[in-house]
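For reference, the structure is listed below as structure tokens.
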There are 2 protein chains.
Amino acid sequence: MASQRGEGETTTTPLEPADRERARAIPEAAVARLAVYLRVLSGMADQGVTAVSSEELSQAAGVNAAKLRKDLSYIGSYGTRGVGYDVEVLVSHIERILGLTRNHSVAVVGIGNLGHALANYGGFPGRGFPVTALFDVDADLVGIPVGGIPVNHIDEITAVCREREVSIGVIATPPPAAQSVCDRLVSAGVQCILNFAPVVLQVPDNVEVRKVDLAVEMQILSFHVARRADEAVHNSSGGVSVGNNGLGVDGMVIRP
Amino acid sequence: MASQRGEGETTTTPLEPADRERARAIPEAAVARLAVYLRVLSGMADQGVTAVSSEELSQAAGVNAAKLRKDLSYIGSYGTRGVGYDVEVLVSHIERILGLTRNHSVAVVGIGNLGHALANYGGFPGRGFPVTALFDVDADLVGIPVGGIPVNHIDEITAVCREREVSIGVIATPPPAAQSVCDRLVSAGVQCILNFAPVVLQVPDNVEVRKVDLAVEMQILSFHVARRADEAVHNSSGGVSVGNNGLGVDGMVIRP
DNA sequence: CCGACTTTGTGCATGCGTTCACAAGCGGTA
DNA sequence: TACCGCTTGTGAACGCATGCACAAAGTCGG
Ligand SMILES: NC(=O)c1ccc[n+]([C@@H]2O[C@H](COP(=O)([O-])OP(=O)(O)OC[C@H]3O[C@@H](n4cnc5c(N)ncnc54)[C@H](O)[C@@H]3O)[C@@H](O)[C@H]2O)c1
Ligand SMILES: NC(=O)c1ccc[n+]([C@@H]2O[C@H](COP(=O)([O-])OP(=O)(O)OC[C@H]3O[C@@H](n4cnc5c(N)ncnc54)[C@H](O)[C@@H]3O)[C@@H](O)[C@H]2O)c1
């Protein structure tokens, strides 16, 4: 399921010119939410739900209904006024826009605590992200299968990534090794990197990096605690109010 | 380093009224970057660097220099014109604003693949986030120490969280259990939650949730691959250009 | 003590993302 | 078929974040 092309297209469902223009214009924040909608919709489909309104879906996804409709409008008009959206239709269109019509082979580098968890995780393959390669420098690990995949030595990274058509590289090495691993992945042709090491990676322009930084997440939480405690001290009136759900789907949500 | 209070303050360094107003106004995106600056600065301090200019620091943190200065201006004016910033001074002020002058005790719920990795991770305690409690439903796990901490049964969550003054709860359970675990954490008084389960949590207004969603991260990467592949097909001229570093420190970066 | 040079801090403009509000469109019903 | 009520899709307004560009403020050398 790696390649399967018509005359010039890449995926099973070719993008129409109109969609191409749309895809260019989708805000990154909306892309992140589309992925969330997709999961919610998939869950609904599994439960036999066939249709859904923007109101219902937005509640389940924890966002504003208007925002949801705008997000969906970025990918086209697939709803029916007065009725709502067909779950299946929406799922397939979001998948198409997100490029999920083909599998994206994943390589994990650094098979330590975190790398083991990732390699053993069953949630990726089912969603089109099969882990197909594992790398480490530790000679004791090389050859040992983790989650069904044998660990390769980091020096084989170029050959193996090319061979297995790895499109996403996950960095789970200690911080000092991260940049060098990143460089190797890039020169092996990997253009997407998910980085767990608390390091700012330098990459060429054609490579996309996303980072998962637990320390930063915790510090953001800490900031909110501090701010809240501080407010509580100032206007000494408890400070616990329960109301709407102040969820931060991807962030950028600051309470007034 | 836990408590040391004045007359009504919570932390070692009480916030001045001016700082309070500032803290309220700091954009969430800036808070996330401040945490990154903090780490870079800590690294510099460890290497004996005592002063740094906005230009140097911004490069190391992978952001625009003007943005960095603006971010720092949110917390006050601690630079010296013509010279730059004193690393120590900046570190201590960022720590103060982020509420890192006190420890934040962390509880991990769900000691499976991921929970083990988190419990064993040495990066948290050093940064003021000691893991002090672990929970699971699995009777085989209860009592067994992981990363030096014995696992408690989930039913003890309220008592243990209260006793150990847990301020951050980390959810690493399977998705179906996540909401119920979240509810329990909340009723145990935990106001900050870091959620690894691919589920949209519903929480009261006074609780802060951050989520780490690997599937979403991968799908965002997938989207960019698709868009890029699509562009390459359209204007058939290679498509690989190397230039500045297009890093997405926390997201919201879309290339024009 | 002064002047030249360096770097900060920030007002302002620009652009992006969110939210509101409503016209357009569709299914159901009489 | 024509009307009614419901829900989508989106134009427009708003607000927030980013980046520019420069005055203010400091250092250093003479
Ligand atoms: N474990 C966690 O829960 C956790 C949480 C947040 C962040 N992180 C970050 O994730 C990264 C991995 O954490 P961990 O706990 O799994 O560390 P770990 O020490 O358990 O594992 C690191 C692995 O990387 C391998 N490695 C070292 N240098 C390498 C190289 N050049 N090429 C390939 N492999 C190499 C090591 O042999 C080891 O197996 C770290 O950067 C850590 O800061 C981990
Ligand atoms: N492992 C990964 O790399 C990874 C990656 C991304 C997301 N996740 C998500 O993180 C979560 C955990 O993943 P995992 O691989 O560690 O799963 P896992 O199945 O290995 O571990 C889950 C643990 O949670 C415990 N548990 C179940 N119900 C519970 C409850 N009600 N209260 C307390 N504990 C309970 C189980 O006993 C088990 O020990 C899942 O939601 C998964 O989707 C994991």
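It should be emphasised that the depicted structure is a prediction, and the values quoted were computed from it without experimental measurement. Lettering follows sequence order; numbering is per chain, from 1.
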Any salt bridge (Lys or Arg N to Asp or Glu O under 4.0 Å) pairs touching [range], not counting sequence neighbours?
range	result
residues 44-70 of chain B	none
residues 75-89 of chain B	none
residues 174-187 of chain A	A/Asp155-A/Arg184

* Using atom CG of B/Leu68 as one end and atom C1' of D/dT18 as the other, report the distance to the nearest whole Å. =>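 Taking atom C1' of D/dT18 as the reference, CG of B/Leu68 is at 13 Å.
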* Check the distance between D/dT8's C1' and A/Ile75's CD1 and give it to me in whole angstrom. =>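 Whole-Å distance recorded here is 14 Å.
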* To do: With sequence neighbours excluded, tell me which residues meet ring-ring contact (aromatic ring centres under 6.0 Å, His included) with B/Tyr85.
  =>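 Testing B/Tyr85 for ring-ring contact (aromatic ring centres under 6.0 Å, His included), a comparison that skips the adjacent residues, returns none.
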Below 4.0 Å: OP1/OP2 of [N] and any side-chain N or O of [X]:
X	N	answer
A/Ser54	D/dT8	yes
A/Lys70	D/dT10	no
A/Tyr74	C/dT18	no
B/Ser53	C/dT7	no
B/Asn64	D/dA17	no
A/Tyr85	D/dG9	yes

* Under the side-chain hydrogen bond (donor to acceptor under 3.5 Å, both in side chains) rule, collect the residues that match up with A/Asp71, sequence neighbours excluded. =>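 Once residues adjacent in sequence are excluded, the partners of A/Asp71 under the side-chain hydrogen bond (donor to acceptor under 3.5 Å, both in side chains) criterion are A/Arg33, A/Tyr37.
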* Asked: Between CZ of A/Phe196 and CZ of A/Arg210, what distance do you get to the nearest 0.5 Å?
  ->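 One finds 12.0 Å between CZ of A/Phe196 and CZ of A/Arg210.
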* Heavy atoms under 4.0 Å is the rule here; annotate nucleotides 21-30 of chain C 5' to 3' with B where the base is hit, S where only the sugar-phosphate is, and - elsewhere. => B--BBBS---
